[in-house]
Amino acid sequence: MSVVLKFGGTSVATADALERVVRIVRAAAGERVVVVSATAGTTNSLIETVRAAAKGDVVGAEEIMTRLASSHDDLLRKSARKDVEETSSVLDELAQRSKALVRSVAILHECSARTQDAIVSYGELASSEIVAATLRSHGIDAVAVPATRMVVTDDAFGNAAPAFEETYARAKAELEPLLRAGKVPVVTGFIGATREGVITTLGRGASDYSAAILAAALRADECLIYTDVSGVMSADPRMVQGARPLPRLSYAEAAELSYFGAKVLHPRAVLPAIEVGIPVRILNTFAPDEAGTTITRQADTDGSIVKATTSLGGLGLLTVQGAGMSGIPGFAAKVFDTTAEQSISVLMISQASSENSICIVVPADTADRLKHALEKMLAKELAHHDVERVSMERPIAVVAAVGEGMRGTPGVAARVFGALGRAGVNVIAIAQGSSELNISFCVTEAEQARAVRAVHDEFHSAPETSASPTRAAVAR
Ligand code: ADP
Ligand code: ASP
Ligand code: MG
């Protein structure tokens, strides 16, 4: 039996939380690999440091670094009783290295993604040392292991992609001897390194991904993601009071939910697990006896239609519109070539069947750049009025209703949009994948929370039958 246990930011941020981590690790049976995030707020603060330094604010940047270093040292001293001085000096070395990098950013007034990755890696490197020392203090033979020795990635700094085969081989070579020796490796989530050994990061929130990668490498029996809520819930609990934990999800449902904003799980985290068929469980560090959510290959037919409603704000919507677009072969391809050239990831696409408009949803901070690039690419069509305009709206949000039970159930869209209509929410664009696993739509960011609540309440406050009289009336 082997398990990978991943603890998120809040689960490692205080002495009380670390006590709970100790109890959970101690209670886990068999071989255990622990994966940790940086303590809550640390990655954000490190990015803030980088920004301050890049503006030349060396004093402000150093202040944040000093504050972070002293809070890490405090946490160590409150939580660990063994190896405290040795670990404290390791923490100090890590902080000094990041501080030196921050100073060089302040001198250059410029920070590359590569340098930023090296600076933010401090968060996970420091927390893995603190967690390992705390576990050792409680009689668990733990050892901090930087993932840079195992997770081999490309050089897309800030959002690097792992080379799976190489990573799996290295992870086995690094971790199996430790496990055989009865040790508990405490591995840094979020970070990796290129083949040349340059530190990279796998994207915000990617410690979940790191855990799934290591679970797949070791063919672990389970990948347990410990966080601060009792599983994936029917909606973001910060937005919807009546949100409930979902006992079971399929990999496909989990992937859709996290892609559309369920922050509780990183969107890529399920991929390595799917390939090997490892169940992923989302559990609560602060209520470890609660059942949480189990994510497996099987589509779960629990009778529900929409399992969860999620949303993602901070987006921009670009609409390319014009009567002359219809029927031009390759028109959509030209539009998407432009997004690719600009390295902008598209979150949602919708095209009216008349082909008079194409809507593209992208991160809000890339929308201006994409609008200019599209206008440049379409200069001829705009001049001839084949394309009337490229318009942009922001900030907008995408809301998604997700559930395997939607497949083949008539009237779901009518219920979704009926509920939005009754709540007075204006829908800007709609998309539904042919998998029928989700219906997603755009609203203004101001209406995001209202839209989520309306859809959530439609499917979660009443017994679910798609053919109840009021629903049928809406469907007509
Ligand atoms: P960790 O640091 O443990 O990885 P995160 O902050 O990344 O934790 O993710 C957990 C948070 O995700 C929860 O505290 C909750 O506010 C948020 N969240 C958003 N959508 C959902 C959802 N559908 N179910 C559960 N939590 C959600
Ligand atoms: N510390 C990283 C972040 O805040 C990774 C993670 O927490 O999963 O994005
Ligand atoms: Mg997270």
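Both ligands and their constituent atoms are indexed starting at 1 by order of listing.
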Run down the list G9, P245, P237 and name the one with the heavy atom closest to atom 2 (O) of ligand 1.
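Comparing heavy atoms across G9, P245, P237, the nearest one to atom 2 (O) of ligand 1 lies in G9.
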Give the single entry among M233, H456, R238 that approaches atom 22 (C) of ligand 1 most closely by any heavy atom.
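It is M233 whose heavy atom sits nearest to atom 22 (C) of ligand 1.
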Exam field: side chain [X] to backbone [Y], donor-acceptor pair closer than 3.5 Å:
X	Y	result
S234	R244	yes
E436	G408	yes
S350	A429	no

What atoms of ligand 2 come within less than 4.0 Å of a heavy atom belonging to [X]?
X	answer
T43	1 (N), 2 (C), 3 (C), 4 (O)
R204	3 (C), 4 (O), 9 (O)
A206	5 (C), 8 (O)
S37	6 (C), 7 (O), 8 (O)

Checking a contact table here: which protein heavy atom is nearest [atom], and how many Å away?
atom	value
atom 3 (O) of ligand 1	T227 OG1, 2.7 Å
atom 26 (N) of ligand 1	V264 CB, 3.5 Å
atom 6 (O) of ligand 1	K263 NZ, 2.8 Å
atom 13 (C) of ligand 1	D228 OD1, 3.5 Å
atom 21 (C) of ligand 1	D236 CA, 3.7 Å
atom 6 (C) of ligand 2	S207 OG, 3.3 Å

Under 3.5 Å, N or O to N or O, is T10 touching ligand 1 that way?
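Among all N and O atoms of T10, none is under 3.5 Å from an N or O of ligand 1.
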Heavy-atom contacts under 4.0 Å between H266 and ligand 2: side chain, backbone, both, or neither?
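Contact part for H266 vs ligand 2: neither.
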side-chain contact (heavy atoms from CB on, under 4.5 Å) with E447: which of N426, I428, V427?
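The single option meeting the side-chain contact (heavy atoms from CB on, under 4.5 Å) with E447 is N426.
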Say whether [X] and [Y], considering side chains only, have a donor N or O and an acceptor N or O under 3.5 Å apart.
X	Y	result
K99	T66	yes
S45	R67	no
S440	N438	yes
N284	R20	no
D117	T200	no
S137	T134	no
S230	E290	yes

Contact (N/O only, under 3.5 Å) between E124 and ligand 2
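Between E124 and ligand 2 (N or O atoms, distance only) the closest approach is under 3.5 Å.
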Could you tell me whether some N/O pair between G203 and ligand 2 is separated by less than 3.5 angstrom?
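No, no N or O pair falls under 3.5 Å.
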Residues, nucleotides or ligands: over 12 heavy atoms within 6.0 Å of R97 CZ:
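Result for CZ/R97: open.
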Quick check on R77: does its CZ atom have over 12 non-hydrogen neighbours (other residues, nucleotides or ligands) under 6.0 Å away?
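Correct, the count exceeds 12.
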Under 6.0 Å between ring centres: does that hold for F441 and F417?
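They qualify: ring centres under 6.0 Å apart.
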Going by the order shown, which atoms of ligand 1 are within less than 4.0 Å of some heavy atom of [X]?
X	value
A262	20 (N), 23 (N)
A235	22 (C), 23 (N)
V232	24 (N)

Does the residue G9 have a heavy-atom contact with ligand 2, meaning some pair of atoms that are separated by less than 4.0 Å?
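No, G9 has no heavy atom closer than 4.0 Å to ligand 2.
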Does [X] come within less than 4.0 angstrom of ligand 1, counting non-hydrogen atoms of the residue?
X	answer
K6	yes
S207	no
A308	no

